[in-house]
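Okay, so here's the structure we're looking at.
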Amino acid sequence: MDSSPPFLVFGAPQIDEAEIDEVVACLRSGWLGTGPRVAQFERDFAAFRGVPPERVAAVNSCTAALHVSMLAAGIEPGAEVITTPLTFCATVNAILHAGLTPALADVDPASQNIDPAAIEATITPRTRAILPVHFAGRPCAMDQIMAIARKHDLVVIEDCAHAVEAEFEGRALGTFGDFGCFSFYVTKNVVTGEGGMIVGRSEERVARARILALHGMSKDAWHRFGDKGYKHYQVVECGFKYNMMDLQAAIGLHQLSRVEQNWRRRSAIWQRYDEAFAELPIGLPAPADANTRHGRHLYTVMIDVARSGVERDAFLEAMNAARIGTGVHYLSIPEHPYYQERFGWRPEQWPHATKLGRETVSLPLSPSMSDGDVERVIAAVRGIVRS
Ligand SMILES: *Cc1c(COP(=O)(O)O)cnc(C)c1O
């Protein structure tokens with residue numbers, strides 16, 4: 001008999017009967033594509049973030065949201081967009097897909113977020129936008145970033161993939177910049193399988209992003225084939241196929257209704273980790289900043305061989321041997337050959353992001369974890385690092 005514990009999947013979503021029933025109801029309704037459930041999800045999301053429904057648009061990923069937001073912002077081709085080297089590749093790829101040029105500004109080593117002073121130092125006459133990423137759910141310094149943007153007349157597009165419920169000085173992330181882009185990928189805080197949302201400051205630009213996300217068509221299928229009679233559409237731009245399906249929104253509606261409950265559960269796990277690891281020779285996430293609400297998306301510890309007595313990659317393997325899934329968020333962008341070859345970037349140019357990327361490990365932090373799962377993670381970490 002196999003006595004090993006079940007593998008603890010990193011970022012496992014918590015799916016309840018409500019989601020399952022809604023997906024089944026959606027299938028039985030016969031309307032799977034973009035329709036009434038997507039419209040409801042957009043209204044709910046707008047209410048959740050405190051913006052009018054005309055200023056949100058659901059899409060099929062955060063990558064798509066970032067891409068069409070940059071296009072809808074009307075930034076001229078080739079212009080530079082400043083972002084962080086400590087992010088998922090999609091952030092940088094979206095800049096490239098929009099025909100723009102990424103420029104990296106190093107992170108603050110404590111917050112792991114883009115450093116406003118580094119943004120200023122990276123601005124050139126060709127800079128047109130800043131793309132901050134609220135890493136791990138920790139809000140970027142939006143007061144300073146927006147001041148820089150105003151001073152230099154720059155567009156701001158917030159990557160809120162980790163930060164759906166986070167706030168800076170009482171205000172929802174994604175509502176500071178011209179656009180906020182959210183992800184509902186399976187490991188994120190609200191899940192639709194694949195999915196994303198655009199929040200924008202300008203109704204006109206959101207309307208343009210919405211058209212770009214569906215072939216450049218002036219009317220979507222629900223409005224063409226719904227019960228109001230056939231409506232002609234016109235193609236007004238060469239758009240993309242980025243629309244969210246009702247099947248996805250069926251999951252998201254119920255996920256969104258439990259966003260607070262899940263945040264509280266992750267916060268409790270976070271606190272338990274903080275207490276359990278306080279005496280261990282590993283780096284812990286900095287405390288949340290005053291006047292912010294941290295999204296508690298990723299609990300990242302730093303494994304420095306000189307201090308912890310184990311290499312980061314050996315730590316990852318030992319966790320896997322203990323049947324616990326982990327993540328690395330992220331090997332810094334300039335570590336990847338594509339960007340090195342295309343832009344000549346070297347990791348040493350962004351020393352903070354590079355060091356963090358070589359030492360970081362994300363521990364499981366999912367609302368689906370039991371107290372027993374949490375203790376298993378703690379025991380495994382204690383057993384692996386120097387005591
Ligand atoms: C997950 C993620 C994305 C991409 O989200 P998708 O919905 O998978 O396209 C972008 N940026 C960051 C920081 C992410 O973590």
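Order of listing sets the numbers, starting from 1, for every ligand and every atom in it. This structure is a prediction, so every number in the text was calculated from the model and none was measured.
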- Query: Under 3.5 Å between some N or O of ligand 1 and some N or O of C62?
  - Reply: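 Yes, C62 has an N/O under 3.5 Å of an N/O on ligand 1.
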- Do Y185 and ligand 1 have an N or O pair less than 3.5 Å apart?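 No, Y185 has no N/O under 3.5 Å of an N/O on ligand 1.
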- Step-by-step ring-ring contact (aromatic ring centres under 6.0 Å, His included) determination, H232 to Y230: CA-CA 7 Å; H232 286 289; Y230 188 85; 5.5 Å; yes
- Item | Heavy-atom nearest neighbour in the protein, as seen from atom 4 (C) of ligand 1, with distance rounded to 0.1 Å |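 Its nearest protein heavy-atom neighbour is T63 OG1, 3.6 Å.
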- Looking at atom 10 (C) of ligand 1, what's its closest protein heavy atom, distance included?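 Residue, atom and distance for the closest contact: D159 OD2, 3.6 Å.
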- Task: Kindly give the heavy-atom pair with the smallest separation between V235 and H215, and that separation in Å.
- Result: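 Shortest heavy-atom contact: CG1-O, 3.9 Å.
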- Query: What pair of heavy atoms forms the shortest contact from D108 to D115, and how long is it?
  - Reply: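 That closest heavy-atom pairing would be N-CB, 3.9 Å.
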Atoms in ligand 1 flagged as close to [X], the criterion being non-hydrogen separation under 4.0 Å:
{"X": "T91", "answer": "11 (N)"}
{"X": "G195", "answer": "7 (O)"}
{"X": "T87", "answer": "13 (C)"}
{"X": "V133", "answer": "13 (C)"}

- Does NZ or CZ of R171 lie under 6.0 Å from the centre of the six-membered ring of F176, at an angle within 45° of the ring axis?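 Yes, R171 lies over the aromatic ring of F176.
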- Item | E19 and its side-chain hydrogen bond (donor to acceptor under 3.5 Å, both in side chains) partner, picked from H254, Q14, R258 |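 Passing option: R258.
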- Item | Residue portion contacting ligand 1 (non-hydrogen atoms closer than 4.0 Å) for S61 |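 The answer is both.
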- Message: Classify the ring geometry of F88 against Y330: parallel below 30°, tilted from 30° to 60°, perpendicular beyond 60°.
- Response: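 F88 and Y330: tilted rings.
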- Message: Salt bridge check, R293 against E260: does any charged N sit closer than 4.0 Å to a carboxylate O?
- Response: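 R293 and E260: salt-bridged.
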- Query: Salt bridge or not for R358 and D304, using N-O below 4.0 Å?
  - Reply: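 Salt bridge flag = no for D304 with R358.
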- Message: If the contact criterion is a heavy-atom separation under 4.0 Å, does Y330 count as touching ligand 1?
- Response: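 Yes; Y330 lies near enough to ligand 1 that a heavy-atom distance drops under 4.0 Å.
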- Query: Does A64 have a heavy atom less than 4.0 Å from any atom of ligand 1?
  - Reply: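 Distance cut 4.0 Å: A64 fails for ligand 1.
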- Message: Among K188, H329, M197, H162, which one puts a heavy atom closest to atom 2 (C) of ligand 1?
- Response: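 Result: the heavy atom closest to atom 2 (C) of ligand 1 is in K188.
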